[in-house]
Amino acid sequence: MPRVHIDVMLKEEILDPQGQAVERALPSLGYEGVSGVRIGKHIELDVPDDADVAATVDGIADKLLANPVIERFSWRVDATG
């Protein structure tokens with residue numbers, strides 16, 4: 001069974017308050033100069049061998065995992081699996 005990794009992120013034009021909070025906290029932890037922090041979701045799942053991986057994963061991500069109005073998703077098949 002192919003192992004698929006899906007990443008869901010806010011679109012670039014959408015403000016990311018959680019990412020901004022992390023970015024503001026980093027200097028107090030000694031991490032200066034880090035910027036552009038964005039927070040998202042990472043999902044892993046196994047797809048049946050007989051499934052059309054692209055159609056299955058695109059459908060799951062588009063219909064369930066991501067809100068297409070404010071989020072984008074990308075996915076990859078685990079090369080080690």
Side-chain angles (χ1 to χ4, degrees):
M1 255 189 218
R3 179 62 135 180
V4 177
H5 299 262
I6 305 168
D7 293 309
V8 180
M9 299 292 294
L10 288 170
K11 291 181 177 179
E12 292 300 321
E13 61 270 18
I14 303 297
L15 292 177
D16 184 354
Q18 189 176 12
Q20 291 172 341
V22 169
E23 188 171 323
R24 284 192 305 271
L26 290 173
S28 67
L29 297 172
Y31 299 102
E32 299 291 338
V34 177
S35 63
V37 178
R38 307 284 290 175
I39 304 293
K41 299 179 278 190
H42 179 82
I43 301 100
E44 296 180 9
L45 50 88
D46 295 321
V47 179
D49 290 324
D50 60 346
D52 177 343
V53 174
T56 300
V57 175
D58 283 341
I60 291 170
D62 189 50
K63 294 175 186 171
L64 180 64
L65 300 177
N67 176 345
V69 174
I70 62 169
E71 295 174 315
R72 61 178 170 75
F73 66 88
S74 61
W75 59 269
R76 66 178 173 79
V77 176
D78 191 339
T80 63

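Remark: Q18 CD is loosely packed, at most 12 non-hydrogen atoms of other residues, nucleotides or ligands lying under 6.0 Å away.
Between I39 atom CD1 and E23 atom CD the span is 10.0 Å, to the nearest 0.5 Å. Taking NE2 of H42 as the start and CD1 of I6 as the end, the distance is 9.0 Å to the nearest 0.5 Å. Distance CD/E44 to NE2/H5: 4.5 Å, rounded to 0.5 Å.
The hydrophobic clustering, which links ILVMFWY residues whose side-chain heavy atoms are closer than 4.5 Å, places I60 and V69 apart. Hydrophobic clustering, with ILVMFWY side chains joined whenever heavy atoms are under 4.5 angstrom apart, keeps M9 apart from V22.
Screening D78, V47, V77 for a side-chain contact (heavy atoms from CB on, under 4.5 Å) involving R3 leaves a single residue, D78.
Proximity of D46 to P2: side-chain heavy atoms (C-beta onward) are nowhere separated by under 4.5 Å. Looking only at side-chain heavy atoms (C-beta outward), L10 and R38 come within less than 4.5 Å of each other. Taking the side chain as every heavy atom from C-beta outward, W75 and I43 never approach each other to under 4.5 Å. Residues V37 and L26 meet the side-chain proximity criterion, which asks for heavy atoms closer than 4.5 Å.
Between the side chain of D49 and the backbone N or O of M1 there is at least one donor-acceptor pair closer than 3.5 Å. At distances below 3.5 Å, at least one donor-acceptor pair connects side-chain atoms of S28 with backbone N or O atoms of A25.
Shown here for E71 and L65, the closest heavy-atom pair between the two residues is OE1-O, 4.1 Å. For L15 against Q20, the heavy-atom pair with the smallest separation is CD2-NE2, 4.1 Å. The heavy-atom pair separating K11 from P68 by the smallest distance is NZ-O, 2.8 Å.
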